[in-house]
Amino acid sequence: MDLILTNTATGQKERVYADDGKTLRFYCCGPTVYGPAHIGNFRTFTIQDVFRRTAETLGLKTMHVRNLTDFDDKTIRRSQEEKKSLITFTDYWKNKFHRDCEALNNLPPHIEPSALAHIPEQIDLIQGLMDKGLAYQAGDKSVYFRISAYESYGKLSGLKIEDRKENADGRLNADDEYAKEDFSDFALWKAWKPEDGPNKWDSPWGPGRPGWHVECSAMSMKYLGESYDLHSGGVDLLFPHHENEIAQSEGCTGKQFVRHWFHLAHLMVDGAKMSKSLGNLYTLEEIEAKGFTAEELRYVLISGHYRQSLNFTLDSLGAAKSALTKLRKFKSLLEKHAKNDGEEEGEFGVFGPAMEAMADDLNVAKALGQLFTIVARLEKNPEKICSATAENFSKTIYALGLKLEEPKNQSEEELVPVEIQQLAEARWQAKLNKDWAEADVLRSKITEAGWTIKDSKDGFEILKS
RNA sequence: GGCGCGGUAGCCAAGUGGUAAGGCCGGGCUCUGCAAAAGCCCUAUGCGUCGGUUCAAUUCCGACCCGCGCCUCCA
């Protein structure tokens with residue numbers, strides 16, 4: 001089964017393959033570590049993870065590189081506001097990011113280069129562009145890419161420089177106008193300014209730091225080669241970031257930088273773009289504080305098609321919770337019947353239709369639809385389940401990145417106040433005595449106190465309402 | 001203004017030139033003192049609006065309306 005994905009560069013669905021015949025080499029633009037990543041960031045990283053898992057499930061070997069941007073305007077400014085060194089500051093947020101990724105069950109990239117650790121590579125790239133006349137040092141000592149010397153600029157995004165000039169009125173700031181040859185030229189090397197504090201590095205052009213776009217070109221080519229298979233990021237990076245990466249990389253090497261561009265639509269919240277001013281910007285921590293799990297969030301984030309923006313609501317997490325419970329139950333049904341030896345037709349057996357949907361442009365919504373249809377069918381005919389069914393289910397679930405583990409017991413009993421515990425036990429006694437009226441009175445007292453009783457055959461559970 | 005994406009049931013969301021997957025919610029029933037859980041069943045003559053093509057359109061074409069994204073450093 002081939003993996004098909006829409007290539008932004010051509011607008012066509014194309015087969016994803018390893019150009020060297022061995023390993024699919026791909027790069028994902030990673031986070032800037034200056035604060036907690038929000039669920040919109042994680043939609044991108046999680047769908048990229050589904051992409052990788054699906055590729056692997058279909059038999060492709062992968063080499064996944066994702067960078068960490070650990071110096072830029074924001075990291076420098078905020079570290080200074082907090083009176084911390086840049087490294088201390090970014091390390092904290094790197095660790096936070098890694099913990100969140102793990103909770104969401106995103107596989108760690110094979111290589112995760114940090115921009116700070118690759119400044120020499122970035123300087124080399126800039127020097128290469130200088131040598132070719134594609135870059136120049138301006139009066140402000142910064143180095144810029146000379147777009148007028150690079151003809152195919154704009155080929156990925158389809159944006160025309162002339163159009164942008166017309167729309168740039170009022171947006172230019174005086175420095176840019178003064179320093180750059182052309183307002184569209186973007187910074188490759190930013191000359192040091194007093195507000196950068198101790199954060200400066202030496203270069204042939206004086207002290208300063210690389211511009212943001214260079215790091216992805218320099219690091220991806222270092223680890224994946226001058227030409228590689230696929231590059232991914234949020235749609236907002238299409239222009240200018242990825243356009244600039246192409247200009248820098250192809251300008252320097254003269255070779256095609258990336259064959260396949262994989263862009264992911266944004267997550268909306270309650271029908272609007274996420275922003276701090278609207279107060280609809282959630283982090284994983286906030287989602288968990290509302291009583292949902294990372295797996296429930298993952299389910300929501302992957303459940304829409306990646307080329308379409310997905311509207312996130314808290315209600316959708318509730319829906320995910322129920323859907324996951326259903327899958328979890330099915331998993332234990334499989335485990336009961338998995339001892340039956342048996343074979344299934346095709347690469348993924350009865351789950352073939354679900355994997356076909358995954359392979360066809362990563363249609364997760366369709367795959368989930370197929371999955372639930374198959375689940376319902378097998379639940380009605382459990383005698384058809386065999387060891388191969390369980391294996392094929394595992395493969396499908398792996399591609400989605402779900403775990404379907406039983407929720408952990410959070411030692412609920414200990415958290416329940418003593419008086420509630422006593423009321424509950426009194427009620428259980430009343431129940432055993434078949435004093436239903438007394439039992440109901442006690443139940444409503446417990447309910448009023450904010451707890452819920454769930455009976456089973458030989459005991460009860462106390463849960464927070 | 002330019003480029004791009006989208007409008008399918010209460011919500012989320014697939015899909016097709018031949019009569020609408022799936023999930024959630026809701027409703028009914030079963031099972032248990034009740035409740036919860038669980039199980040079974042039901043839930044769009046309709047796919048933004050108006051025209052056109054066609055034996056047949058939600059699916060193709062045209063116009064229009066609405067929402068969203070990008071147009072210099074935001075996944």
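Chain identifiers are assigned alphabetically (A, B, ...) following the order of the sequence lines, protein sequences preceding nucleic acid strands; residue numbering begins at 1 within each chain. Note that these values count all heavy atoms, side chains included, but never hydrogens, waters or copies made by symmetry.
- With hydrogens and angles left out, the side chain of A:Lys190 and the base of B:C73 share a donor-acceptor pair within 3.5 Å.
- Side-chain to base pairing of A:Arg443 with B:A35: one donor and one acceptor N or O lie within less than 3.5 Å of each other.
- Spacing between B:U54 and B:G17 at atom C1', rounded to whole Å, works out to 9 Å.
- Rounded to whole angstrom, the span from the CG atom of A:Asn433 across to the C1' atom of B:G33 amounts to 13 Å.
- We find the CE-CZ distance between A:Met1 and A:Phe348 to be 5.5 Å, quoted to the nearest 0.5 Å.
- Heavy atoms of A:Asp315 sit nowhere under 4.0 angstrom from any nucleic acid atom.
- Annotation: of the two residues near RNA chain B, A:Gly158 and A:Lys74, the 5′-most nearest-nucleotide partner is A:Gly158.
- Annotation: B:U8 and B:C66 have their C1' atoms spaced 16 Å apart (nearest Å).
- For A:Leu310 and B:C5, the CG to P distance is 19 Å, given to the nearest whole Å.
- Both tests pass for A:Arg66 against the ring of A:Phe45: distance under 6.0 Å to the centre and angle within 45° of the axis.
- Distance, A:Glu379 CD to B:C40 C1': 12 Å, rounded to whole Å.
- At a cut-off of 3.5 angstrom, the base of B:C73 holds no donor-acceptor pair with the side chain of A:Asn244.
- Of the candidates B:G6, B:U72, B:C73, B:C73 carries the atom nearest the A:Trp212 side chain, counting heavy atoms from C-beta on.
- In a base pair of the Watson-Crick type (N1 to N3 plus N6-O4 or O6-N4) or a G-U wobble (N1-O2 and O6-N3), with each distance short of 3.5 Å, B:U19 is matched with no nucleotide.
- Nucleic acid contact for A:Ser316: none, since no nucleic acid atom lies under 4.0 Å from a heavy atom of the residue.
- As judged by a 4.0 angstrom heavy-atom cut-off over every strand, A:Arg66 is placed among residues making no nucleic acid contact.
- At the phosphate of B:C41, OP1 or OP2 sits under 4.0 Å from a side-chain N or O atom of A:Lys380.
- Heavy atoms of A:Leu267 sit under 4.0 angstrom from at least one base atom.
- As judged by a 4.0 angstrom heavy-atom cut-off over every strand, A:Gly369 is placed among the base-contacting residues.
- Remark: aromatic rings of A:Tyr282 and A:Phe292 are distant, center separation not under 6.0 Å.
- Across all strands shown, A:Gly233 has heavy atoms under 4.0 Å from sugar-phosphate atoms exclusively, and none from any base.
- Of the side-chain N and O atoms in A:Lys326, none sit less than 4.0 angstrom from OP1 or OP2 of B:G22.
- Geometrically, A:Arg53 engages A:Tyr398 in a cation-pi contact defined by less than 6.0 Å to the ring centre and at most 45° from the axis.
- In this structure, B:A9 forms no base pair with any nucleotide, since neither Watson-Crick nor G-U wobble geometry is met with both distances under 3.5 Å.
- Of the inter-residue distances, the one linking A:Asp70 atom CG with A:Phe89 atom CZ reads 11.5 Å to the nearest 0.5 angstrom.
- Taking a pair to require two hydrogen-bonding distances under 3.5 Å in either a Watson-Crick or a G-U wobble arrangement, B:C60 pairs with B:G52.
- Between B:A21 and B:A9, the distance separating the two P atoms is 14 Å to the nearest Å.
- Going from atom CG of A:Leu281 over to atom P of B:C74 covers 14 Å, rounded to whole Å.
- Looking at A:Glu215 and A:Thr69, their side chains do bring a donor and an acceptor atom within 3.5 Å of each other.
- Regarding contacts with the backbone of B:G15, a side-chain N or O of A:Asn363 is found under 4.0 angstrom from either OP1 or OP2.
- Residue ring and base: A:Phe372 does not count as stacked with B:G22 (centre distance below 5.5 Å and interplanar angle below 30° not both satisfied).
- Checked against B:G6, B:G69, B:A75, the side chain of A:Lys273 finds its nearest nucleotide in B:G69.
- Checked for salt-bridge contact, A:Arg77 and A:Glu81 meet the test: a charged N lies under 4.0 Å from a carboxylate O.
- By the 30° and 60° cut-offs, the orientation of the rings of A:Tyr27 relative to A:His231 is tilted.
- The P atoms of B:A38 and B:A75 are separated by 39 Å, rounded to the nearest whole Å.
- Rounded to whole angstrom, the span from the CG atom of A:Leu317 across to the C1' atom of B:C12 amounts to 12 Å.
- Mapping A:Lys454 and A:Tyr306 onto RNA chain B by nearest heavy atom places A:Tyr306 closer to the 5' end of the strand.
- Rounded to whole Å, the distance from CG on A:Asp185 to P on B:C73 is 15 Å.
- B:G46: no Watson-Crick or G-U partner with both key distances under 3.5 Å is found in any strand.
- The side chain of A:Phe186 lies closest to B:U72, out of B:A14, B:U72, B:A75.
- With both pairing distances under 3.5 Å, B:G1 is matched to B:C71 as a Watson-Crick or G-U wobble pair.
- B:C3 sits 24 Å from B:C60 when the C1' atoms are compared, rounded to a whole Å.
- For A:Gln308, the listed nucleotide lying nearest its side chain is B:G6; candidates were B:G6, B:C34, B:C68.
- In terms of polar N and O atoms assigned as donor or acceptor, the side chain of A:Asp236 never comes within less than 3.5 Å of the base of B:G69 in a complementary pairing.
- Heavy atoms of A:Leu238 sit nowhere under 4.0 angstrom from any nucleic acid atom.
- Across all strands shown, A:His38 has heavy atoms under 4.0 Å from base atoms, whether or not it also approaches the sugar-phosphate.
- The gap from the C1' atom of B:G4 to that of B:G10 amounts to 31 Å, rounded to the nearest Å.
- Using a 4.0 Å heavy-atom cutoff across all strands shown, A:Ala365 reaches at least one base atom of the nucleic acid.
- For the P atoms, the distance from B:G23 to B:C41 is 11 Å, rounded to whole Å.
- At the heavy-atom level, A:His266 lies under 4.0 Å from base atoms of the strands shown.
- For the pair A:Ser322 and B:C25, the criterion of a side-chain N or O lying under 4.0 Å from OP1 or OP2 is met.
- A:Tyr144 has its OH atom 12 Å from the C1' atom of B:C73, to the nearest Å.
- Across all strands shown, nothing is found opposite B:C34 as a Watson-Crick or G-U wobble partner with both distances under 3.5 Å.
- Summarising the geometry, the separation between CG on A:Leu104 and C1' on B:A75 is reported as 14 Å, rounded to the nearest angstrom.
- Of the P atoms belonging to B:C29 and B:A35, the separation is 12 Å, rounded to the nearest Å.
- Here the straight-line distance linking atom NE2 of A:His118 with atom CG of A:Asn67 works out to 10.0 Å at 0.5 Å rounding.
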